[in-house]
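Working notes, beginning with the structure itself.
Quick note: numbers below take in every heavy atom, side chains included, and nothing from hydrogens, waters or symmetry partners. Position 1 is the first residue of the sequence, and the numbers go up from there. Because the structure is a prediction, the values reported are computed rather than measured.
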Amino acid sequence: MAYFLKVSHLKKGDYLQIYDSFHDKEKKHSVHKSYKALGYLNDLIASGIDDPISFYKAEVDKMNKKVKKEKEELSIKKIDKSPIKNLGYFLIKGIFNKLGVKFHLDLLDKIENQKISTHDYLLNMVSARIINPCSKIKTYEEVLPTLFEPYNISKDQIYDKLDFIGDNYSRILEVFNEFYNEKFIRKTGNVYFDCTNYYFEIDTEDDFRRKGPSKENRKDPIIGMGLLLDEEQIPLTMKLYPGNESEKPIMRQCINEMKDRYHMNGKTIQVADKGLNCARNIYEALKNGDGYIYSQSVKKLEEKEQNWVLLDNGYIEVKDDLGNVEFKYKKCIDKFTYKLDNSKFTVEQIRVASFNPSLARKQKAEILKQVDKIQYLSSSQAKRKEYGDASKYVTFTPVDSNGEVDDETIVVASLNTEKIEKDLSLCGYNLIISSELKMKPLDIYRVYHRLWRIEETFRILKSELDARPVYCHKQNTIYGHFLICYLSVFLLRILQIKKFKDKIHANQIIDFIRSFIVLKEKDRITNLSSKDRILPLTNALNLNINNYVFKPKDVEKLLNLKI
């Protein structure tokens, strides 16, 4: 329903009416009908209204605002009143309480004239994202009503506030980082960086959502996300960028912004995989007084360096508790020259080569699987594109005589045995390069291999928190969506690493939050949670959350905890 002013040009003059526009469910389109006749323009002027059109347009605006407000109030009243509620989000609220971000987020609301509390919005949207990640409309209709404490917000306000937090995401991140550092002290001696991307199920690109190399090998437009973790693998900051841009400069931008915005001084050692290893990143790290630990592709090494890696001399074995070789490593320190733009620079590096038997077995099995695929396809006159990744081990000859090979060409394939044998000989070997000459090689190895935590963080974002596909369209709402996802994993990591000392996995925390449900009655609250599912956290929290019946004061105590 919406009102508008209609001016009809009749013989006796302009005639004014207020019309009502609404959707007819039977006719399945909008229809209009007269709501109130106002009279002829000249008669209205004669009655003392100087500008009747402007006057009644203002009246119509007031009527429409009233209708919108009534709709919002009605939609809030229609929210499901089921007595079964989620109480597990008290963990998330406990971290909000511990950090004490409310005062400064309320200040931000005051500065920006916001009527909806940013603190309450983030608390409830982050809790909902962890409990049941879904679209914003489904979150509004199905998830928010299940929270133990009622949260009254309209559907329009959900989207309006998402736009606001996206527009202010850097300031909001600054608030959370400031208070995290105050309560727990950030450790930034080593920082871990990696990138991923998220797809949008849309056909047309825009300035932000662009087609580029997708981690899921999809053809949809994507955006990239650079994620920076601190020494304890707790998220420090994120950066979103168009999907067709290189990820290599994003690490430098994230680290520079971290130091500037969060006033972090001192040396930072950047830890990243070979995708971020480039001359520019090495040069900039050293120029800024920082260090680096990067992996290096053994396949792309010069022959002399590759032979050193493969040579068995100098390796030190590291064994597990059963006496089996877990991995072996060796080091060298030398000067290496890099090309940068039109010049060169030389740096002294420590290089740590390693060999992992279990990794070797896995990689060899993958290569042999590709060989089996090639042999199968070559016997069935397959097209070039059907070989996929296995094509790197194939020499193609077209069936016809024109000599050209494209994806649709039917080809004769022969194994590139030299390439296969070379790659088999490199299975299990890795190389790490570092500026930290005084650091023990085993420490370098172990610091680098903690990168698995950032890969795990991306898996949590994409799987447990269902961060993609993304259905937001405006850039601010996209930032708002990812801010909610980022804060979700940030708070989960605080619980996992700081509260539970890394003895309880993030997935267990998520499972607890989702499964800790109660029946809310007037004078009692009945615990409907499975004992087995909440047991791991029952002991860790030292709280009586395993009780079958709670009093309202018990629940109030849980929701006011500073965890």
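The neighbour count for Asp389 CG, taken as heavy atoms of other residues, nucleotides or ligands under 6.0 Å away, does not exceed 12. Heavy-atom neighbours of Lys474 NZ from other residues, nucleotides or ligands within 6.0 Å: at or below the threshold of 12. The number of heavy-atom neighbours closer than 6.0 Å to OH of Tyr159, taken from other residues, nucleotides and ligands shown, is above 12. In Lys274, the NZ atom is not crowded: 12 or fewer heavy atoms of neighbouring residues, nucleotides or ligands sit closer than 6.0 Å. The neighbour count for Lys331 NZ, taken as heavy atoms of other residues, nucleotides or ligands under 6.0 Å away, does not exceed 12. The number of heavy atoms from other shown groups lying within 6.0 Å of CD (Glu436) is above 12. Residue-environment remark: NZ (Lys267) exceeds the threshold of 12 foreign heavy atoms within 6.0 Å.
Under the 4.5 Å side-chain criterion, counting only non-hydrogen atoms from C-beta, Asn168 is not in contact with Leu483. Looking at heavy atoms from C-beta onward, Leu173 lies in side-chain contact with Thr237 at the 4.5 angstrom threshold. Counting heavy atoms from C-beta outward, Val318 and Val325 have side chains that stay 4.5 Å or more apart. Counting only heavy atoms from C-beta outward, the side chains of His505 and Glu456 approach each other to under 4.5 Å. Two residues are said to be in side-chain contact when any heavy atoms from C-beta on lie closer than 4.5 Å; Lys330 and Val352 fail this criterion. Looking at heavy atoms from C-beta onward, Asn527 lies out of side-chain contact with Ile517 at the 4.5 angstrom threshold. Between Ile293 and Met439, some side-chain heavy-atom pair lies under the 4.5 Å cut-off. The closest side-chain heavy-atom distance from Val309 to Asn430 is not below 4.5 Å.
Considering every non-hydrogen atom in both Ile454 and Phe193, the closest pair reads CD1-C, 3.7 Å. Between Asp230 and Arg186, the shortest heavy-atom contact is OD2-NH1, 2.7 Å.
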### Message
Apply side chain to side chain contact (heavy atoms under 4.5 Å, CB included) to residues Val191 and Val271 and explain how you reach the verdict.
### Response
CA-CA 6 Å; Val191 293; Val271 186; over 6 Å; no
### Task
Would you check, one step at a time, whether the test salt bridge (charged side-chain N to carboxylate O under 4.0 Å, His left out) holds for Lys138 with Glu141?
CA-CA 5 Å; Lys138 195 172 180 181; Glu141 293 176 345; over 6 Å; no
### Task
Show your reasoning for whether side-chain hydrogen bond (donor to acceptor under 3.5 Å, both in side chains) applies to Ser154 and Asp156.
CA-CA 5 Å; Ser154 73; Asp156 289 339; 5.4 Å; no
### Message
Could you walk me through whether Phe208 and Tyr479 satisfy the ring-ring contact (aromatic ring centres under 6.0 Å, His included) test, starting with their C-alpha distance in whole Å, then the side-chain angles of each, then the deciding distance to 0.1 Å, before giving a yes or no?
### Response
CA-CA 11 Å; Phe208 193 44; Tyr479 268 90; 5.7 Å; yes
### Task
Applying ring-ring contact (aromatic ring centres under 6.0 Å, His included), run through Tyr198 and Phe482 and close with a yes or a no.
CA-CA 10 Å; Tyr198 297 87; Phe482 281 107; 4.7 Å; yes
### Task
Any chance you could lay out the side-chain hydrogen bond (donor to acceptor under 3.5 Å, both in side chains) test for Thr457 and Arg493, step after step, and finish with the verdict?
CA-CA 9 Å; Thr457 301; Arg493 286 300 197 204; 3.0 Å; yes
### Task
Could you walk me through whether Phe327 and Tyr445 pass ring-ring contact (aromatic ring centres under 6.0 Å, His included), step by step?
CA-CA 11 Å; Phe327 64 93; Tyr445 177 91; 4.1 Å; yes
#### Entry: Steps toward salt bridge (charged side-chain N to carboxylate O under 4.0 Å, His left out) verdict (Glu232, Lys498)
CA-CA 9 Å; Glu232 296 178 292; Lys498 306 303 287 188; 3.2 Å; yes
### Task
Quick one: do Asp206 and Arg209 satisfy salt bridge (charged side-chain N to carboxylate O under 4.0 Å, His left out)? Show the steps, please.
CA-CA 5 Å; Asp206 56 29; Arg209 299 171 292 178; 2.8 Å; yes
### Task
Could you give me the CA-CA distance, side-chain angles and deciding distance for Arg351 and Glu305, then say whether salt bridge (charged side-chain N to carboxylate O under 4.0 Å, His left out) is met?
CA-CA 10 Å; Arg351 297 198 163 192; Glu305 294 177 75; 2.4 Å; yes
#### Entry: Verdict with supporting geometry, Asn132 and Glu142, side-chain hydrogen bond (donor to acceptor under 3.5 Å, both in side chains)
CA-CA 9 Å; Asn132 181 17; Glu142 299 181 15; 5.1 Å; no
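Under the 6.0 Å cut-off for aromatic ring centres, Phe176 and Tyr180 do not qualify, their centroids lying 6.0 Å or more apart. In this structure, Phe345 has its ring center closer than 6.0 angstrom to the ring center of Tyr283.
Not a single donor-acceptor pair under 3.5 Å links the side chain of Arg459 to the backbone N or O of Glu464. Asp220 contributes no side-chain N or O that, together with a main-chain N or O of Tyr199, makes up a donor-acceptor pair within less than 3.5 Å. Between the side chain of Glu205 and the backbone N or O of Lys211, at least one donor-acceptor pair lies under 3.5 Å. Under the 3.5 Å distance criterion, the side-chain polar atoms of Glu556 are left unmatched by any main-chain donor or acceptor of Lys553. No donor-acceptor distance shorter than 3.5 angstrom exists from the side chain of Asn288 to the backbone of Asp290, with no hydrogens or angles considered. For the pair Ser463 (side chain) and Ile460 (backbone), a donor-acceptor distance under 3.5 Å is absent. Without hydrogens or angle criteria, Ser529 side chain to Ser515 main chain gives a donor-acceptor distance under 3.5 Å. Checking side-chain atoms of Arg210 against main-chain N and O of Pro221 turns up no donor-acceptor pair under 3.5 Å. Side-chain atoms of Asn281 come within 3.5 Å of backbone atoms of Lys248 as a donor-acceptor pair (strictly under, hydrogens ignored). Judged by distance alone, the side chain of Lys259 and the main-chain N or O of Gly266 form a donor-acceptor pair under 3.5 Å.
Under 3.5 Å, the side chains of Tyr429 and Ser354 contain no donor-acceptor pair of N or O atoms. A donor and an acceptor atom, one from each side chain of Tyr121 and Gln157, are nowhere located under 3.5 Å apart. Side-chain contact, Glu174 with His104: no donor N or O sits under 3.5 Å from an acceptor N or O. Between Gln233 and Arg450, the side chains place a donor N or O and an acceptor N or O closer than 3.5 Å (distance only, hydrogens not considered). Judged by distance alone, the side chains of Thr196 and Lys462 do bring a donor and an acceptor atom under 3.5 Å apart.
Ion pairing between Asp203 and Lys219 fails under the 4.0 Å rule for side-chain N and carboxylate O. Glu257 and Lys239 are joined by a salt bridge, as a carboxylate oxygen and a charged side-chain nitrogen come within less than 4.0 angstrom of each other.
When the options Lys161, Lys115, Arg171 are evaluated for a salt bridge (charged side-chain N to carboxylate O under 4.0 Å, His left out) with Asp109, the one that passes is Lys161. When each of Tyr192, Tyr292, Tyr294 is tested with Gln270 by the rule side-chain hydrogen bond (donor to acceptor under 3.5 Å, both in side chains), just one qualifies, namely Tyr294. With respect to Leu91, the side chain to side chain contact (heavy atoms under 4.5 Å, CB included) criterion is satisfied by exactly one of Ile563, Leu492, Ile130: Ile563.
Atom-to-atom distance recorded for Tyr151:OH and Ser127:OG is 10.5 Å, nearest 0.5 angstrom.
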